[in-house]
Protein chains: 2
Amino acid sequence: MTEIVNKMDVLKSYIETKGLKSTAQRDYIADTFFKTNTHISLDELLKKVKRKTPNIGYATVYRTMKLLTESGLAIARQFGDGQTRYENLPEDGHHDHIICIKCSRIAEFSNQKIEQLQMEAAKKLGFTVVNHKLELYGYCPDCV
Amino acid sequence: MTEIVNKMDVLKSYIETKGLKSTAQRDYIADTFFKTNTHISLDELLKKVKRKTPNIGYATVYRTMKLLTESGLAIARQFGDGQTRYENLPEDGHHDHIICIKCSRIAEFSNQKIEQLQMEAAKKLGFTVVNHKLELYGYCPDCV
DNA sequence: TGGTTAGATGATAATAACTTTCATTTTCAA
DNA sequence: TTGAAAATGAAAGTTATTATCATCTAACCA
(Lines give C-alpha, C1' and ligand atoms only; values in the text may rest on other atoms or scores of the structure.)
Protein backbone atom coordinates (compact mmCIF):
# COMPACT_ATOMS: atom_id res chain seq x y z
CA MET A 1 0.00 0.00 0.00
CA THR A 2 2.64 2.48 0.99
CA GLU A 3 4.53 1.20 -2.00
CA ILE A 4 1.88 2.40 -4.41
CA VAL A 5 1.62 5.76 -2.74
CA ASN A 6 5.34 6.18 -2.91
CA LYS A 7 5.59 5.36 -6.59
CA MET A 8 2.77 7.74 -7.32
CA ASP A 9 4.60 10.43 -5.40
CA VAL A 10 7.76 9.78 -7.34
CA LEU A 11 5.79 10.07 -10.55
CA LYS A 12 4.13 13.30 -9.41
CA SER A 13 7.43 14.88 -8.59
CA TYR A 14 8.94 13.71 -11.86
CA ILE A 15 6.03 15.28 -13.72
CA GLU A 16 6.43 18.50 -11.79
CA THR A 17 10.16 18.67 -12.41
CA LYS A 18 9.67 18.22 -16.14
CA GLY A 19 6.95 20.84 -16.26
CA LEU A 20 4.32 18.36 -17.35
CA LYS A 21 0.68 18.30 -16.38
CA SER A 22 -1.09 15.59 -14.48
CA THR A 23 -4.09 13.87 -15.95
CA ALA A 24 -6.64 11.33 -14.83
CA GLN A 25 -5.76 8.93 -17.63
CA ARG A 26 -2.07 8.86 -16.88
CA ASP A 27 -2.67 8.48 -13.16
CA TYR A 28 -4.98 5.57 -13.74
CA ILE A 29 -2.64 3.82 -16.15
CA ALA A 30 0.29 4.29 -13.80
CA ASP A 31 -1.72 3.10 -10.83
CA THR A 32 -2.84 0.02 -12.72
CA PHE A 33 0.71 -0.71 -13.76
CA PHE A 34 2.04 -0.24 -10.23
CA LYS A 35 -0.43 -2.84 -9.00
CA THR A 36 0.78 -5.35 -11.58
CA ASN A 37 3.19 -8.08 -10.66
CA THR A 38 3.75 -9.59 -14.07
CA HIS A 39 5.92 -8.43 -16.92
CA ILE A 40 3.14 -6.72 -18.79
CA SER A 41 2.96 -5.71 -22.43
CA LEU A 42 1.30 -2.56 -23.74
CA ASP A 43 -1.62 -4.53 -25.14
CA GLU A 44 -2.17 -6.33 -21.88
CA LEU A 45 -2.01 -3.12 -19.89
CA LEU A 46 -4.36 -1.39 -22.30
CA LYS A 47 -6.85 -4.23 -21.95
CA LYS A 48 -6.66 -4.00 -18.17
CA VAL A 49 -7.11 -0.26 -18.16
CA LYS A 50 -10.00 -0.39 -20.60
CA ARG A 51 -12.05 -2.48 -18.21
CA LYS A 52 -12.74 0.62 -16.12
CA THR A 53 -12.05 3.34 -18.64
CA PRO A 54 -12.87 2.02 -22.11
CA ASN A 55 -12.11 5.25 -23.88
CA ILE A 56 -8.40 5.29 -23.11
CA GLY A 57 -6.31 4.86 -26.24
CA TYR A 58 -3.25 2.75 -26.97
CA ALA A 59 -1.14 5.84 -27.53
CA THR A 60 -1.77 7.13 -24.05
CA VAL A 61 -0.74 3.84 -22.50
CA TYR A 62 2.32 3.86 -24.73
CA ARG A 63 3.24 7.38 -23.72
CA THR A 64 2.64 6.71 -20.05
CA MET A 65 4.90 3.68 -20.05
CA LYS A 66 7.53 5.64 -21.89
CA LEU A 67 7.33 8.26 -19.17
CA LEU A 68 7.51 5.68 -16.40
CA THR A 69 10.53 4.11 -18.05
CA GLU A 70 12.26 7.47 -18.35
CA SER A 71 11.56 8.26 -14.74
CA GLY A 72 12.94 4.90 -13.67
CA LEU A 73 9.63 3.64 -12.30
CA ALA A 74 9.33 0.95 -14.94
CA ILE A 75 11.85 -1.23 -16.68
CA ALA A 76 11.42 -2.15 -20.32
CA ARG A 77 12.49 -5.65 -21.21
CA GLN A 78 12.62 -7.93 -24.20
CA PHE A 79 12.25 -11.59 -23.48
CA GLY A 80 12.39 -12.60 -27.10
CA ASP A 81 8.71 -12.91 -27.95
CA GLY A 82 8.79 -9.78 -30.05
CA GLN A 83 7.09 -7.58 -27.50
CA THR A 84 8.43 -5.10 -25.02
CA ARG A 85 7.34 -5.99 -21.53
CA TYR A 86 7.32 -3.61 -18.60
CA GLU A 87 8.35 -4.51 -15.13
CA ASN A 88 7.83 -2.62 -11.91
CA LEU A 89 10.82 -1.15 -10.22
CA PRO A 90 11.60 -3.74 -7.57
CA GLU A 91 11.37 -2.55 -3.98
CA ASP A 92 13.94 -4.96 -2.77
CA GLY A 93 16.64 -4.19 -5.27
CA HIS A 94 17.58 -5.69 -8.55
CA HIS A 95 16.66 -9.19 -9.57
CA ASP A 96 17.23 -11.45 -12.54
CA HIS A 97 14.95 -13.74 -14.50
CA ILE A 98 14.70 -17.36 -15.33
CA ILE A 99 12.32 -18.15 -18.14
CA CYS A 100 10.79 -21.53 -18.94
CA ILE A 101 11.27 -22.21 -22.64
CA LYS A 102 8.26 -24.49 -22.67
CA CYS A 103 5.51 -22.70 -20.73
CA SER A 104 7.02 -19.17 -20.67
CA ARG A 105 6.71 -18.92 -16.92
CA ILE A 106 9.08 -16.32 -15.53
CA ALA A 107 10.63 -16.67 -12.09
CA GLU A 108 12.90 -14.18 -10.39
CA PHE A 109 16.01 -14.51 -8.35
CA SER A 110 18.89 -12.43 -7.19
CA ASN A 111 22.41 -13.28 -6.23
CA GLN A 112 24.77 -10.78 -4.72
CA LYS A 113 27.82 -12.84 -5.54
CA ILE A 114 26.96 -12.84 -9.24
CA GLU A 115 26.57 -9.08 -9.23
CA GLN A 116 29.93 -8.71 -7.63
CA LEU A 117 31.63 -10.97 -10.15
CA GLN A 118 30.04 -9.00 -12.95
CA MET A 119 31.54 -5.80 -11.62
CA GLU A 120 34.92 -7.42 -11.45
CA ALA A 121 34.69 -8.80 -14.97
CA ALA A 122 33.73 -5.38 -16.28
CA LYS A 123 36.48 -3.67 -14.41
CA LYS A 124 39.03 -5.94 -16.03
CA LEU A 125 37.90 -4.66 -19.41
CA GLY A 126 37.97 -1.07 -18.24
CA PHE A 127 34.19 -0.74 -18.26
CA THR A 128 31.99 0.84 -15.64
CA VAL A 129 28.69 -0.99 -15.17
CA VAL A 130 25.54 0.99 -14.58
CA ASN A 131 23.00 -1.69 -15.33
CA HIS A 132 22.73 -5.30 -16.31
CA LYS A 133 20.44 -7.95 -17.61
CA LEU A 134 20.72 -11.62 -16.77
CA GLU A 135 18.29 -14.11 -18.14
CA LEU A 136 18.43 -17.84 -17.74
CA TYR A 137 16.44 -20.01 -20.12
CA GLY A 138 15.45 -23.53 -19.26
CA TYR A 139 12.69 -25.72 -17.92
CA CYS A 140 10.58 -24.92 -14.88
CA PRO A 141 9.75 -27.60 -12.32
CA ASP A 142 6.48 -28.39 -14.12
CA CYS A 143 8.03 -28.73 -17.56
CA VAL A 144 11.22 -30.63 -16.87
CA MET B 1 40.11 -21.53 -41.64
CA THR B 2 39.29 -24.95 -40.34
CA GLU B 3 36.61 -23.24 -38.34
CA ILE B 4 34.75 -22.11 -41.43
CA VAL B 5 35.04 -25.50 -43.08
CA ASN B 6 33.64 -27.13 -39.99
CA LYS B 7 30.68 -24.86 -39.73
CA MET B 8 29.92 -25.38 -43.38
CA ASP B 9 30.04 -29.10 -42.80
CA VAL B 10 27.69 -28.82 -39.89
CA LEU B 11 25.32 -26.83 -42.07
CA LYS B 12 25.57 -29.34 -44.91
CA SER B 13 24.72 -32.22 -42.65
CA TYR B 14 21.86 -30.28 -41.08
CA ILE B 15 20.47 -29.58 -44.55
CA GLU B 16 20.81 -33.22 -45.48
CA THR B 17 19.12 -34.42 -42.32
CA LYS B 18 16.18 -32.13 -42.89
CA GLY B 19 15.83 -33.18 -46.53
CA LEU B 20 16.59 -29.70 -47.81
CA LYS B 21 18.54 -28.77 -50.92
CA SER B 22 21.78 -26.89 -51.07
CA THR B 23 22.01 -23.71 -53.05
CA ALA B 24 24.73 -21.29 -54.04
CA GLN B 25 22.92 -18.36 -52.43
CA ARG B 26 22.53 -20.01 -49.08
CA ASP B 27 26.10 -21.23 -49.07
CA TYR B 28 27.39 -17.78 -49.84
CA ILE B 29 25.26 -16.10 -47.20
CA ALA B 30 26.30 -18.66 -44.59
CA ASP B 31 29.95 -18.35 -45.55
CA THR B 32 29.78 -14.59 -45.32
CA PHE B 33 28.12 -14.80 -41.93
CA PHE B 34 30.66 -17.33 -40.64
CA LYS B 35 33.45 -14.92 -41.52
CA THR B 36 31.79 -12.14 -39.57
CA ASN B 37 32.93 -11.23 -36.11
CA THR B 38 30.36 -8.62 -35.24
CA HIS B 39 26.80 -8.98 -34.11
CA ILE B 40 25.30 -8.48 -37.51
CA SER B 41 21.77 -7.52 -38.47
CA LEU B 42 19.89 -8.83 -41.49
CA ASP B 43 20.26 -5.54 -43.31
CA GLU B 44 23.98 -5.40 -42.69
CA LEU B 45 24.45 -8.98 -43.81
CA LEU B 46 22.37 -8.37 -46.91
CA LYS B 47 24.48 -5.37 -47.79
CA LYS B 48 27.66 -7.41 -47.38
CA VAL B 49 26.35 -10.27 -49.47
CA LYS B 50 25.11 -7.96 -52.21
CA ARG B 51 28.60 -6.65 -52.84
CA LYS B 52 29.46 -9.87 -54.67
CA THR B 53 26.00 -11.12 -55.56
CA PRO B 54 23.72 -8.12 -55.98
CA ASN B 55 20.69 -10.13 -56.95
CA ILE B 56 20.26 -11.89 -53.62
CA GLY B 57 17.10 -10.81 -51.85
CA TYR B 58 16.38 -9.90 -48.27
CA ALA B 59 14.07 -12.88 -47.87
CA THR B 60 16.82 -15.33 -48.66
CA VAL B 61 19.13 -13.79 -46.09
CA TYR B 62 16.28 -13.87 -43.61
CA ARG B 63 15.55 -17.52 -44.30
CA THR B 64 19.20 -18.49 -44.19
CA MET B 65 19.71 -16.88 -40.81
CA LYS B 66 16.58 -18.56 -39.55
CA LEU B 67 18.03 -21.87 -40.67
CA LEU B 68 21.39 -21.16 -39.06
CA THR B 69 19.67 -20.23 -35.83
CA GLU B 70 17.62 -23.41 -35.85
CA SER B 71 20.69 -25.49 -36.50
CA GLY B 72 22.52 -23.81 -33.64
CA LEU B 73 25.15 -22.22 -35.88
CA ALA B 74 23.95 -18.72 -35.15
CA ILE B 75 22.56 -17.06 -32.08
CA ALA B 76 19.83 -14.46 -32.38
CA ARG B 77 20.09 -11.60 -29.93
CA GLN B 78 18.30 -8.43 -29.05
CA PHE B 79 20.43 -5.69 -27.64
CA GLY B 80 17.59 -3.23 -27.37
CA ASP B 81 18.02 -1.24 -30.57
CA GLY B 82 14.92 -2.80 -32.11
CA GLN B 83 16.82 -5.12 -34.41
CA THR B 84 17.67 -8.77 -34.11
CA ARG B 85 21.39 -9.31 -34.38
CA TYR B 86 23.07 -12.59 -35.20
CA GLU B 87 26.18 -13.86 -33.55
CA ASN B 88 28.43 -16.71 -34.59
CA LEU B 89 28.48 -19.78 -32.43
CA PRO B 90 31.63 -19.20 -30.40
CA GLU B 91 34.40 -21.75 -30.84
CA ASP B 92 35.71 -21.26 -27.36
CA GLY B 93 32.50 -21.71 -25.50
CA HIS B 94 29.91 -19.29 -24.29
CA HIS B 95 30.58 -15.65 -23.58
CA ASP B 96 28.68 -12.68 -22.29
CA HIS B 97 28.46 -9.08 -23.40
CA ILE B 98 29.18 -5.71 -22.03
CA ILE B 99 27.70 -2.86 -23.99
CA CYS B 100 28.71 0.78 -23.84
CA ILE B 101 25.58 2.88 -23.46
CA LYS B 102 27.31 5.87 -25.04
CA CYS B 103 29.15 4.54 -28.11
CA SER B 104 27.42 1.15 -28.42
CA ARG B 105 30.70 -0.70 -28.44
CA ILE B 106 30.24 -4.34 -27.45
CA ALA B 107 32.95 -6.25 -25.61
CA GLU B 108 32.83 -9.88 -24.62
CA PHE B 109 33.85 -11.75 -21.54
CA SER B 110 33.24 -15.03 -19.86
CA ASN B 111 33.40 -16.11 -16.28
CA GLN B 112 33.09 -19.67 -15.22
CA LYS B 113 32.26 -18.79 -11.66
CA ILE B 114 29.26 -16.75 -12.76
CA GLU B 115 27.98 -19.63 -14.87
CA GLN B 116 28.25 -21.91 -11.92
CA LEU B 117 26.39 -19.57 -9.61
CA GLN B 118 23.64 -19.27 -12.19
CA MET B 119 23.19 -23.00 -12.24
CA GLU B 120 22.95 -23.03 -8.48
CA ALA B 121 20.44 -20.20 -8.38
CA ALA B 122 18.28 -21.97 -10.95
CA LYS B 123 18.47 -25.25 -9.14
CA LYS B 124 17.16 -23.61 -5.99
CA LEU B 125 14.03 -22.64 -7.91
CA GLY B 126 13.68 -26.09 -9.41
CA PHE B 127 14.67 -24.95 -12.89
CA THR B 128 17.04 -26.59 -15.32
CA VAL B 129 19.10 -24.12 -17.31
CA VAL B 130 19.80 -24.80 -20.97
CA ASN B 131 20.90 -21.36 -22.01
CA HIS B 132 21.48 -17.91 -20.67
CA LYS B 133 22.00 -14.34 -21.60
CA LEU B 134 24.01 -11.88 -19.56
CA GLU B 135 24.47 -8.32 -20.64
CA LEU B 136 26.17 -5.56 -18.72
CA TYR B 137 25.47 -1.99 -19.68
CA GLY B 138 27.83 0.80 -18.84
CA TYR B 139 30.64 2.96 -20.10
CA CYS B 140 33.64 1.70 -22.03
CA PRO B 141 37.14 2.96 -21.29
CA ASP B 142 36.84 5.65 -23.98
CA CYS B 143 33.49 6.97 -22.79
CA VAL B 144 33.86 6.99 -19.02
C1' DT C 1 20.48 -37.99 -69.54
C1' DG C 2 15.89 -35.71 -69.36
C1' DG C 3 11.76 -35.44 -66.65
C1' DT C 4 9.64 -34.75 -62.34
C1' DT C 5 8.94 -32.69 -58.06
C1' DA C 6 9.81 -30.75 -53.78
C1' DG C 7 12.41 -27.20 -52.04
C1' DA C 8 14.53 -22.41 -52.90
C1' DT C 9 14.52 -17.85 -54.61
C1' DG C 10 13.34 -12.91 -55.16
C1' DA C 11 9.92 -9.54 -55.40
C1' DT C 12 6.34 -8.06 -53.10
C1' DA C 13 2.57 -8.02 -49.93
C1' DA C 14 1.05 -8.64 -45.24
C1' DT C 15 1.81 -8.39 -40.17
C1' DA C 16 2.82 -6.66 -35.91
C1' DA C 17 4.76 -3.61 -32.77
C1' DC C 18 6.03 0.71 -32.14
C1' DT C 19 6.05 5.78 -32.94
C1' DT C 20 4.26 10.07 -34.74
C1' DT C 21 0.78 13.33 -36.27
C1' DC C 22 -3.05 16.23 -35.71
C1' DA C 23 -7.35 18.09 -34.37
C1' DT C 24 -9.37 18.65 -30.12
C1' DT C 25 -9.61 18.72 -25.13
C1' DT C 26 -7.72 19.59 -20.64
C1' DT C 27 -4.61 21.50 -17.19
C1' DC C 28 -2.86 25.19 -14.60
C1' DA C 29 -0.45 29.52 -13.70
C1' DA C 30 -1.15 34.35 -14.16
C1' DT D 1 -11.35 33.34 -16.06
C1' DT D 2 -8.36 32.68 -19.72
C1' DG D 3 -4.83 31.48 -22.83
C1' DA D 4 -0.59 28.96 -23.59
C1' DA D 5 1.27 24.55 -23.17
C1' DA D 6 0.61 19.83 -22.57
C1' DA D 7 -2.30 15.58 -23.09
C1' DT D 8 -5.52 12.75 -25.40
C1' DG D 9 -7.49 9.50 -28.88
C1' DA D 10 -7.87 8.21 -33.46
C1' DA D 11 -5.55 7.36 -37.19
C1' DA D 12 -1.65 7.35 -40.13
C1' DG D 13 3.26 6.36 -40.64
C1' DT D 14 7.48 3.52 -39.59
C1' DT D 15 10.28 -0.27 -39.14
C1' DA D 16 11.46 -4.92 -38.73
C1' DT D 17 9.82 -9.26 -39.48
C1' DT D 18 7.20 -12.90 -41.73
C1' DA D 19 4.29 -14.88 -45.44
C1' DT D 20 2.83 -15.38 -50.26
C1' DC D 21 3.38 -16.60 -54.92
C1' DA D 22 5.04 -17.15 -59.44
C1' DT D 23 9.14 -18.88 -61.18
C1' DC D 24 13.49 -21.35 -60.86
C1' DT D 25 16.66 -25.08 -59.58
C1' DA D 26 18.64 -29.19 -57.25
C1' DA D 27 18.47 -33.91 -56.89
C1' DC D 28 16.45 -38.28 -57.51
C1' DC D 29 14.98 -41.75 -60.89
C1' DA D 30 13.43 -44.23 -65.04
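So you know, we letter chains A, B, ... as the sequences are listed, proteins then strands, and number each from 1.
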Student: Please report the distance, rounded to the nearest Å, between CG in Asp27(B) and P in dA8(C).
Tutor: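 Going from Asp27(B) (CG) to dA8(C) (P), I get 12 Å.
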Student: With sequence neighbours excluded, what pairs up with Lys21(A) under the side chain to side chain donor-acceptor pair (under 3.5 Å) test?
Tutor: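 Listed in chain order: nothing, the list is empty.
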Student: What is the distance from CG of Leu42(A) to P of dG9(D), rounded to the nearest Å?
Tutor: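 One finds 15 Å between P of dG9(D) and CG of Leu42(A), rounded.
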Student: Establish, with yes or no, whether the OP1 or OP2 oxygen of dC18(C) is under 4.0 angstrom from a side-chain nitrogen or oxygen of Thr84(A).
Tutor: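 It does, given that an N or O in the side chain of Thr84(A) lies less than 4.0 Å from OP1 or OP2 of dC18(C).
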Student: Nearest of dT18(D), dA11(C), dA7(D) to any side-chain atom of Lys21(A)?
Tutor: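 Within the option list, the nearest is dA7(D).
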Student: Taking OH from Tyr28(A) and P from dT8(D), how many angstroms apart are they, rounded to a whole number?
Tutor: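 That distance rounds to 15 Å.
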Student: Figure out the CG/P separation between Asp43(B) and dT14(D), and round it to whole Å.
Tutor: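 Interatomic distance, CG of Asp43(B) to P of dT14(D): 17 Å.
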Student: Any donor-acceptor pair under 3.5 Å joining the side chain of Arg63(B) to the base of dG7(C)?
Tutor: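 Counting by modelled atom types and ignoring angles, no donor-acceptor contact under 3.5 Å is found here.
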Student: In terms of side-chain heavy atoms of Thr23(A), which of dT9(C), dA8(C), dA7(D) is nearest?
Tutor: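 So the side chain of Thr23(A) is nearest to dA7(D).
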Student: Checking contacts here: which listed nucleotide (dA16(D), dA17(C), dA11(D)) is nearest the side-chain heavy atoms of Gln83(B)?
Tutor: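 Output: dA16(D).
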Student: Between Ser22(A) and dC28(C), is there a side-chain N or O to OP1/OP2 distance below 4.0 Å?
Tutor: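 True: Ser22(A) side-chain N/O within range (under 4.0 Å) of dC28(C) OP1/OP2.
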Student: What is the distance from CD1 of Ile15(B) to C1' of dA27(D), rounded to the nearest Å?
Tutor: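 About 14 Å, once rounded to whole Å.
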Student: Assign Arg26(A) to base, sugar-phosphate, or nothing according to its heavy-atom contacts below 4.0 angstrom with the strands shown.
Tutor: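 Since only primed, P, OP1 and OP2 atoms lie under 4.0 Å of Arg26(A), the category is sugar-phosphate.
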Student: Can you confirm whether the side chains of His95(A) and Glu87(A) place a donor and an acceptor under 3.5 Å from each other?
Tutor: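 The answer is yes; a qualifying pair exists.
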Student: Restricting to side chain to side chain donor-acceptor pair (under 3.5 Å), what partner residues turn up for Arg26(A), sequence neighbours left out?
Tutor: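 Checked Arg26(A) against side chain to side chain donor-acceptor pair (under 3.5 Å); zero matches.
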Student: More 5' along DNA chain C: Gln78(A) or Gly19(B), using each one's nearest nucleotide?
Tutor: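 Going by which nucleotide is closer to the 5' end, it is Gly19(B).
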Student: Do we see a donor-acceptor contact under 3.5 Å between the side chains of Thr60(B) and Gln25(B)?
Tutor: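 No donor-acceptor contact under 3.5 Å links the two side chains.
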Student: Rounding to a whole Å, what distance do you find between Leu68(A):CG and dA7(D):P?
Tutor: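 So the CG-P distance, Leu68(A) to dA7(D), works out to 13 Å.
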Student: Go nucleotide by nucleotide along DNA chain D from the 5' end; which of Arg85(B) and Leu20(B) gets its closest nucleotide reached first?
Tutor: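 Taking each residue's closest nucleotide, the earlier one in sequence belongs to Arg85(B).
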Student: Strictly below 4.0 Å: does Gln25(B) bring a side-chain N or O up to OP1 or OP2 of dG10(C)?
Tutor: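 The answer is yes; a side-chain N or O of Gln25(B) sits under 4.0 Å from OP1 or OP2.
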Student: What is the distance, rounded to the nearest whole Å, between atom CG of Asn55(A) and atom C1' of dT26(C)?
Tutor: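 Spelled out: CG on Asn55(A) to C1' on dT26(C) is 14 Å.
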Student: For the side chain of Thr60(A), starting at C-beta, report the closest nucleotide among dA19(D), dT9(C), dG9(D).
Tutor: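 Of dA19(D), dT9(C), dG9(D), dG9(D) is nearest to the side chain of Thr60(A).
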Student: Return no unless some side-chain N or O of Tyr62(A) is found under 4.0 Å from OP1 or OP2 of dT19(C).
Tutor: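 For Tyr62(A), the contact criterion (side-chain N or O under 4.0 Å from OP1 or OP2 of dT19(C)) is met.
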Student: Find the distance Leu67(A):CG to dT19(C):P and express it as a whole number of Å.
Tutor: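 Going from Leu67(A) (CG) to dT19(C) (P), I get 14 Å.
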Student: Examine distances only and state if a side-chain atom of Asn88(B) and a backbone atom of Thr36(B) form a donor-acceptor pair shorter than 3.5 Å.
Tutor: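 Such a contact is found between Asn88(B) side chain and Thr36(B) backbone.
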